Amino acid sequence: MKMEREVVGVAPAAPFDPQIAREDFPILRERVNGKPLVYLDNAASTQKPCAVIETLTQFYRHDYANVHRGVHALSQRATERYEGARETVRRFLNAPSADEIVFLRGTTEAINLVAQSFARPRLRRGDNVVITALEHHSNIVPWQLVCATLGVELRVVPVNDAGELNLEGYELMVGRRTKLVALTHVSNAIGTVTPLRGMIALAHERGVPVLVDGAQAVSHLPVDVTELDCDFYAFSGHKVFGPTGIGALYAKARHLAAMPPWQCGGDMIRTVAFGHTEFADAPAKFEAGTPNIAGAIGLAAALEYVEAAGLQAIAAHEARLLDYVTRRLSAIHGLRILGTAAAKAGIVSFTMQGMHPHDIGTILDAGGVAIRAGHHCAMPLMQRYGIAGTARASFALYNTTADIDALVAGIEEAKRLFR
Ligand code: PLP
């Protein structure tokens, strides 16, 4: 099978005005070190709009109770809102059914659930799991753990200097004994958007299910799990303007039906006797104990906020920001951009000659500019490029070219101080 490189299609969208979006995020009016906050650490976590903050407050003030258990009015209201949030996630991902949406703590917990409940029972000595060199530790270590205990090989698709996956290598790696492919949608460290459609189609031709780590995709790109035909799609609420401690896993119904529960307790059973327990169907089977009720409702508010802004419009806005930042940074002597893939989301990673990324981050912070410095939980990718870490600026819908100008001014200041 010939796999074409996918160019990220950003359809022409209605012009997006980040200044209007900024009004929705009260934290952006903060001053840091006496300077207006310039928040460019969105890949680590995004800020929260009033719609989310007020939804959480309103829920705790008016509707809060435990879910699924009470006959009283508040419990019913809370249950309706919690299950309504599941339907919002379904719509956001275009999943066929809300029963295919499991609420979890986030991407990390979702991947661990698939590793332990889906992969572990299917893996035999001599099998392999395929991941890529772009992965966050969350999509490496859970596989290492199951592979190491079962004598299973972990295969890693390499990247070229630009940060693009070697698709020929991938074709060779997915073989008769491959039991799962797990790959990121967008690299958190260098911004590469992976050519998911072709990679999923190839795996499926060979009968191999695919998990997608969508942690960095959902706030930047429209995601349609039905069109992608992935088997699993994981994301975290806090990276898409929602609360921390909540995320979701989409999984095809037949996989969820075949997977044993991973954690057990209240709310995930049909009947319990000391001799035997009958489990509830998915998704309840994977949501043992009292869930993060307010988190799920806050997440739904965040997704509705993003839907109203329009992901095509957000993607087009961020593509303009990426273009601008790439041009501005490329003009700085001694600065090296890591990751120059043709398809990139709003993340730019860079190093400066003679400067540690932490020094860049600290000097920028003094000017109110928040970026990330370090290995970005992608140490193997850093090793691939022979470096310990980078400085990373990552964008969201509320960022502007003025934010990028502040970033560039901060880098120039850092250069001056290190001269
Ligand atoms: N995968 C990617 C690509 C990420 O960027 C992150 C977080 O940075 C994660 C997984 C883990 O997400 P969480 O910590 O929300 O579970």
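Just so you know, ligand 1 is whichever comes first in the structure, and atom 1 is the first atom listed for that ligand. Keep in mind that this is a model prediction, so the values were computed, not measured.
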Quick check on contacts: which atoms of ligand 1 are under 4.0 angstrom from a heavy atom of Gln216?
3 (C), 4 (C), 5 (O), 8 (O)
List every atom of ligand 1 that sits less than 4.0 Å from any heavy atom of Ser236, numbering the atoms from 1 in the order shown and giving each element.
12 (O), 13 (P), 15 (O), 16 (O)
For Phe232 and Phe118, take the angle between the two ring planes, folded into 0 to 90°, and tell me which bin it lands in: parallel under 30, tilted 30 to 60, perpendicular over 60.
perpendicular
Taking the six-membered ring for Trp, are the ring centroids of His375 and His137 within less than 6.0 Å of each other?
yes
Among all protein non-hydrogen atoms, which one is nearest to atom 10 (C) of ligand 1, and what is the separation to 0.1 Å?
Asp213 OD2, 3.3 Å
Is it the case that more than 12 heavy atoms not belonging to Arg372 sit under 6.0 Å from its CZ atom?
no
In ligand 1, the atoms that come under 4.0 Å of a heavy atom of Thr108 are 11 (C), 12 (O), 13 (P), 14 (O), 16 (O)
May I ask you to identify the nearest protein heavy atom to atom 4 (C) of ligand 1, giving residue, atom name and distance to one decimal place in Å?
His136 CD2, 3.3 Å
List for me each residue that meets ring pair (Phe, Tyr, Trp, His ring centres under 6.0 Å) alongside Tyr82, sequence neighbours excluded, and say none if there are none.
His68, Phe103
Could you check whether Arg86 pairs with Glu287 (Lys NZ or Arg NE/NH1/NH2 to Asp/Glu carboxylate O, under 4.0 Å)?
yes
Distance under 4.0 Å to a non-hydrogen atom of Ser138: what atoms of ligand 1 satisfy this?
9 (C), 10 (C), 11 (C)
Please report whether the ring centroid of Tyr39 lies less than 6.0 Å from that of Phe25.
no
Looking only at heavy atoms of Lys239, does any of them come nearer than 4.0 Å to an atom of ligand 1?
yes
Compute the minimum heavy-atom distance from His238 to ligand 1 and say whether it is under 4.0 Å.
yes
